[in-house]
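Beneath this line is the structure, given in C-alpha cells, with notes to follow.
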Amino acid sequence: MTNSAVTADESSRVAPMPWGPVRYREQGWWTGEKLADRFDSLVHAAPHRRAIVDERGNALTRQELWDSAGRLAEQLAQGGVRAHDVVVIYLPNSLAWQVAFLAVLRTSAVPATIPVTTDASTLAHTCQLIGARAVVTVETVRKKPTGQWAIDALTRTGRASAVFTHTERGFDLTPVTGQDFEPLVPDGVDHLMFTSSTTGMPKAVMHTSDTLQAANVAFAERFAVDEATPIFMPSPLGHSVGAWHGARLSLFVGATLVVQDEWNPARALELIAEYGCQFTAAATPFLKDIIDVPWSSDEPKLSSLRSFLCGGAPVPPSLLEAAAAQAPQTFVTVLWGMTEGTGTTCVPESTADQLTNTAGKPTPNIQLRIVEPDDSGAGELVMRGAAVFVGYLGQEDLYQDLLTDDGWFRTGDLARIDDDGYLRLTGRLKDLIIRGGVNISPVPIEDVIAAHPAVRRVAVIGEPDERLGERIRAVIVPNGTPPTLSELVAWLRERGLSERKLPESLVVIEEMPVTAAGKIRKADLRRSLEETA
C-alpha cells in the first residue's frame with residue numbers, strides 16, 4: 001500500500017511517531033478529567049458568571065445551571081438511571097438541553113445526544129441499538145409529538161426505562177415497564193453521538209471524556225476561546241457540531257453559550273451583536289443564509305464574531321469570498337471533521353488560496369494520511385489521533401472494517417494533502433459518478449454551480465443511463481427564477497468547467513432533503529426523483 005501522510009507540526013505538543021494512548025497522555029491531550037468535574041471547579045471560581053442564554057433572553061448562571069442539573073440528576077436516579085446507563089437527550093436548543101446534559105454527566109451516566117428533528121422510527125431504532133435507560137424530551141416540538149414518540153420508542157425495546165418530559169414545572173417522569181437489563185455501553189465511554197448519515201440509519205459513535213477533551217483543547221487553543229469568549233450556537237446541540245463546539249466547549253472553558261432554536265438568520269445577527277458573540281461553528285446553509293440577509297448598518301456583518309467555523313456540507317469558494325467581503329472582521333474558515341473525529345481548519349496565516357480552496361490543516365492532535373493515491377496524489381483519507389472515537393456501539397464489525405491494518409480510520413472522503421499539510425477534499429468514495437467508466441467527483445461541479453446567482457442549493461448526482469452507466473444531473477433549489485439547462489451550461493462554460501463535467505440534465509426542486517448537519521441526503525434525493533419520474 002502506497003501512501004502520503006501529514007502530521008501537524010504547529011505545536012511543540014505534537015508527539016513523535018508512534019502515536020497512541022500512552023503518547024496522548026504524555027503530551028497532555030488525555031488527562032482523564034471529567035467534564036462535570038471541570039465545570040464544578042469553574043462554578044466555584046465564578047458562580048455568578050452567565051453560563052447559557054437562549055434567544056428569548058432566558059439565562060442561567062453557572063451556579064443556577066449546576067443546581068438545576070443537580071435536581072434533575074436526583075430525579076434521574078429516582079427514575080432508575082444508574083452509572084453507565086444511556087440517557088437520550090432529545091430536546092431543542094434551550095436552557096433545558098444544557099441542564100439535562102450536565103445532569104446526565106453528574107449521574108455518571110452516558111448522554112446520547114440526537115437532534116430533536118429525529119423522526120419516530122429513527123428514535124426507536126436508536127433506543128434499541130444503544131440500550132437507552134431513559135429519554136429526556138419535551139411533549140411537542142413544532143407540532144410533532146416528541147414526548148409520545150419517546151414513550152413508544154422505549155416501550156418497543158421491552159426494557160425497563162423512563163421518559164422525562166420538560167415542562168414549565170420542571171421534568172415530569174413517565175415510567176416505562178419492561179425487563180431490567182445491564183448497560184450496553186463499555187466502561188470508559190462518556191458520550192454517544194450519532195452520524196448524520198446520508199444513507200440508512202445513524203451509527204452510535206462512542207467517545208470518551210479524553211477524546212472529547214482533546215478536541216476542545218485543540219480548538220480552544222487554535223481560536224483563543226476562553227471564558228471571555230461568548231459562543232453562539234444555532235446548530236442543533238444534539239448534533240456533533242453543536243455538542244462539541246457548543247455544549248461541551250462552553251462547559252469546558254466556562255464561556256457563555258448563546259443558543260438559537262428555530263433558525264432565522266436576521267435574528268442570529270441580532271443575537272450575535274446583543275451578546276457580543278465571538279465564536280461559532282455551523283453548517284454551510286447557516287453561513288449562506290447570513291450572507292443573503294439584506295444589510296444596511298454601517299457596521300459590517302458579524303462585527304463582534306472573531307471566528308466562524310463552517311462545515312458539515314461542502315463550502316463553495318464563492319460563499320467564502322462573499323463572507324470575506326461582507327464580514328471582514330470575522331475569520332471564516334472551512335471546518336472539516338466527522339462525528340468520529342475532528343478536524344481541520346484554516347488559520348489566520350493561511351493564504352487566500354488555502355482559505356477558499358482547501359479544508360485547512362489538522363489540529364495538532366490529529367494525523368491524516370492518503371492511502372492508495374492516484375497520479376495526482378488523491379486517494380482515500382484516513383485519520384488517527386487523540387480526538388478520534390473508540391468504536392460504534394453494537395457494530396464492532398463495522399468499526400473493524402473501517403480500520404486499516406495499522407489502525408487508521410477510513411473516513412470515506414477522497415482527498416489529497418499538499419506539501420504544506422493543507423487538505424484538499426475531492427469527493428466521497430460512495431458519491432462518485434461513473435460515466436462511461438470514468439470516475440467524476442461532483443464536488444468541483446457543485447462548487448461552480450453554487451456561485452450562480454439564481455442557485456440557492458445544489459446537488460450533483462448520477463442519472464442512470466443504459467449506454468454510459470450514469471450521466472451528470474444537476475439538482476438545484478433556485479434563488480428566484482431558475483436557469484434553464486442550456487443557460488446553466490453556457491454559464492459554466494464561461495467559468496472554465498470542462499466539457500466532461502457539464503451537467504446533462506437539470507432538475508429544479510423547492511427543498512433539499514438534508515441531515516441535521518446540513519448535508520444533502522443524496523440517497524433520499526435520488527429516491528424521490530425516481531418516484532416522481
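Computed from a prediction, not measured in an experiment: that's the story for all the values here.
No salt bridge links R526 with E470; every basic N to acidic carboxylate O contact stays at or beyond 4.0 Å. No salt bridge links R527 with E530; every basic N to acidic carboxylate O contact stays at or beyond 4.0 Å. By the 4.0 Å N-to-carboxylate-O rule, D261 lies close enough to R142 to be salt-bridged with it.
Counting only heavy atoms from C-beta outward, the side chains of V514 and P285 never approach each other to under 4.5 Å. Under the 4.5 Å side-chain criterion, counting only non-hydrogen atoms from C-beta, D54 is in contact with V259. Within the 4.5 Å cutoff, no side-chain heavy atoms of V205 are placed close to those of L192. Side chains of I290 and L269 form a contact here, defined as non-hydrogen atoms less than 4.5 Å apart.
The two residues P442 and K522 make their nearest non-hydrogen contact at CG-NZ, 3.7 Å. Closest heavy-atom contact between V87 and A109: CG2-CB, 4.3 Å. When every heavy atom of A214 is checked against every heavy atom of A386, the shortest pair comes out as CB-O, 3.5 Å. For T126 against I114, the heavy-atom pair with the smallest separation is CG2-CG2, 4.5 Å. Counting all heavy atoms, side chain and backbone alike, R471 lies closest to I433 at O-CG2, 4.2 Å. Between T342 and W336, the shortest heavy-atom distance links the atoms OG1-O, 3.9 Å.
In terms of modelled atom types and a separation under 3.5 Å, the side chain of T330 and the main chain of V332 share no donor-acceptor contact. Listed for the Q98 side chain is a donor-acceptor partner under 3.5 Å among the backbone atoms of A247. In terms of modelled atom types and a separation under 3.5 Å, the side chain of E380 and the main chain of L414 share no donor-acceptor contact. Listed for the E504 side chain is a donor-acceptor partner under 3.5 Å among the backbone atoms of I472. Between the side chain of Q213 and the backbone N or O of V217 there is no donor-acceptor pair closer than 3.5 Å. S161 places a side-chain N or O within 3.5 Å of a backbone atom of R159 that can act as its donor or acceptor partner. No donor-acceptor pair under 3.5 Å is formed between the side chain of D190 and the backbone N or O of H207. Between the side chain of T280 and the backbone N or O of F232, at least one donor-acceptor pair lies under 3.5 Å. With T118 contributing its side chain and T122 its backbone, the two residues share no donor-acceptor pair below 3.5 Å. Between the S307 side chain and the F223 main chain, no donor and acceptor come within less than 3.5 Å of each other.
Below 30°, between 30° and 60°, or above 60°: for F219 and H245 the angle between ring planes is above 60°, a perpendicular geometry.
Summarising the local packing, CD of E182 is surrounded by 12 or fewer heavy atoms from other residues, nucleotides or ligands at distances under 6.0 Å.
For the atom pair CZ of R248 and CG of L105, the computed distance is 6.0 Å after rounding to the nearest 0.5 Å.
Residue pairs that meet the ring pair (Phe, Tyr, Trp, His ring centres under 6.0 Å) test with at least one member in residues 120-167, sequence neighbours left out, are H166-F171.
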If you look only at distance, which donor and acceptor atoms sit under 3.5 Å apart when one is on a side chain in residues 131-141 and the other is two or more places apart or in another chain?
{"residue": "R133", "atom": "NE", "partner": "D85", "partner atom": "OD1", "Å": "3.3"}
{"residue": "R133", "atom": "NE", "partner": "D85", "partner atom": "OD2", "Å": "3.0"}
{"residue": "R133", "atom": "NH1", "partner": "A160", "partner atom": "O", "Å": "3.4"}
{"residue": "R133", "atom": "NH1", "partner": "D180", "partner atom": "OD1", "Å": "3.2"}
{"residue": "R133", "atom": "NH2", "partner": "D85", "partner atom": "OD1", "Å": "3.3"}
{"residue": "R133", "atom": "NH2", "partner": "F181", "partner atom": "O", "Å": "2.8"}
{"residue": "T137", "atom": "OG1", "partner": "Y90", "partner atom": "O", "Å": "2.9"}

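Two rings, from Y399 and F389, have their centers less than 6.0 Å apart.
For the salt bridge (charged side-chain N to carboxylate O under 4.0 Å, His left out) criterion with D289, the lone passing option out of R457, R267, R456 is R456.
For the residue pair D210/T208, the side-chain donor-acceptor check at 3.5 Å is not satisfied.
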